[in-house]
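Structure record follows, encoded as structure tokens.
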Amino acid sequence: MGRRKGLKPDHWFEPVADHLGEAYLRYSFTKGTDQEVAFLTDVLELRGGQRLLDIGCGPGRHALALAARGIEVVGIDISQRFIDIATKRTPAGATASFRRLDARALPFDHEFDAAVSLCQGAFGLVGPGPDLDVLGGIERALVPGGRFAISAFSSYFQVKYPQEQGTFEVATGVHHERTVVKDEAGAEAEVDLWTTCYTPRELGLLVERAGLVVDHIWSVDPGHYDRSEPTIETSELLVVGRTARYTPARPQLH
């Protein structure tokens, strides 16, 4: 179905997703889904029957792999085209559902055991200020003690290994790339991509500002998630943490 003709997109990524469609799943960075999901299932202590929110789910690759493990997954994305693809790819009886929502304005209220935002599906594509809105929505969506995992591009990696077709703005940490993407039939479209990059310290401070607790920040590459300490040699950072548990109020003595 995709976005209705004539409807102004809410985010610059929507026209990119509209053009890519299922061709998104041909990109090499999508091929490590099983390894990533196995790692996240372990570190987030996920088990069947829990509810998980996948923010910026794209065509549903992580959500469907998690649902195959018996986890109830709600995937949200700003791209209606991606939501349609994810829904079409969902097997009958799978514990996964998909909704078009803006990650900057999540409507959930303490109803998920875990949340993920991976591969810059939402976090990192909206700018540092709106990224804080995404994190605030995650904090509100999780139950007390709920776990989360969020990936972000590394500023250190971008500086050490600059891309010929891109520019990195030091003042904002935003990487801009003018590139060509192909749809399922091979038709090309020239698009702009903007991605906010972080140092481990910046990422940790932003997450804590949203009221979340940081347990670990690791260096990772797509398809190679592990517990490696931050380094300048990997393209992404993965922050894993939890919400604070509510402390019951002490009774007042009169």
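Just so it is clear, the model here is predicted, and its values are computed rather than measured.
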Qualifying ring-ring contact (aromatic ring centres under 6.0 Å, His included) pairs, either residue in residues 31-51, two or more places apart: Phe39-Trp218

With Glu184 via salt bridge (Lys or Arg N to Asp or Glu O under 4.0 Å) - residues at least two apart: Arg81

Any side-chain donor near an acceptor of the partner, Ser228 and Asp226, under 3.5 Å: yes

Where at least one partner belongs to residues 229-240, residue pairs that pass salt bridge (charged side-chain N to carboxylate O under 4.0 Å, His left out), sequence neighbours excluded: Lys160-Glu233

Residues that Glu208 engages under salt bridge (Lys or Arg N to Asp or Glu O under 4.0 Å), provided they are two or more places apart: none

Minimal non-hydrogen separation, Asp54 against His62, with atom names: OD2-CB, 3.8 Å

Set of residues satisfying ring pair (Phe, Tyr, Trp, His ring centres under 6.0 Å) with respect to Phe108, sequence neighbours excluded: Phe112

Atom NZ of Lys31 with >12 non-hydrogen neighbours under 6.0 angstrom: yes

Atom of Trp12, atom of Trp194 and distance for their closest heavy-atom approach: CZ2-O, 3.1 Å

Heavy-atom closest contact (Thr90 atom, Ala96 atom, distance): CG2-O, 3.9 Å

Hphob cluster co-occupancy, Tyr27 + Ile85, side-chain heavy atoms under 4.5 angstrom: yes

Separation of Tyr225 OH from Ser219 OG (nearest 0.5 Å): 12.0 Å

Phe123 ring center within less than 6.0 Å of Phe148 ring center: no

Atom of Val143, atom of His110 and distance for their closest heavy-atom approach: CG1-O, 3.6 Å

Considering all heavy atoms, the nearest Glu14-Ile78 contact: OE1-O, 3.3 Å

Partners passing salt bridge (Lys or Arg N to Asp or Glu O under 4.0 Å) against Glu177 (at least two apart in sequence or in another chain): none

Salt bridge (Lys or Arg N to Asp or Glu O under 4.0 Å) partners of Asp42, counting only residues at least two apart: Arg227

Residues which pass ring pair (Phe, Tyr, Trp, His ring centres under 6.0 Å) with Phe157, listed by chain and number, not counting sequence neighbours: Tyr161

Going by atom type alone, with no hydrogens or angles, which donor-acceptor pairs under 3.5 Å involve a side-chain atom of residues 209-216 and a protein atom two or more places apart or on another chain?
from: Asp215; atom 1: OD1; to: Arg242; atom 2: NE; distance (Å): 3.1
from: Asp215; atom 1: OD1; to: Arg242; atom 2: NH2; distance (Å): 3.4
from: Asp215; atom 1: OD2; to: Arg242; atom 2: NE; distance (Å): 3.3

Check: Arg61/Thr33 side-chain N/O donor and acceptor closer than 3.5 Å: yes

Between Thr234 and Asp221, a side-chain donor and acceptor under 3.5 Å: no

Over all atoms of both residues, closest heavy-atom pair of Ala115 and Leu142: N-CD2, 3.7 Å

Check: His176/Glu169 side-chain N/O donor and acceptor closer than 3.5 Å: no

Listed partners of His224 passing ring pair (Phe, Tyr, Trp, His ring centres under 6.0 Å), at least two apart: none

Hydrophobic cluster partners of Val170 (side-chain heavy atoms under 4.5 Å): Val159, Phe168

Other cluster members, Phe98 - Ile/Leu/Val/Met/Phe/Trp/Tyr, side-chain contacts below 4.5 Å: Leu64, Ile83

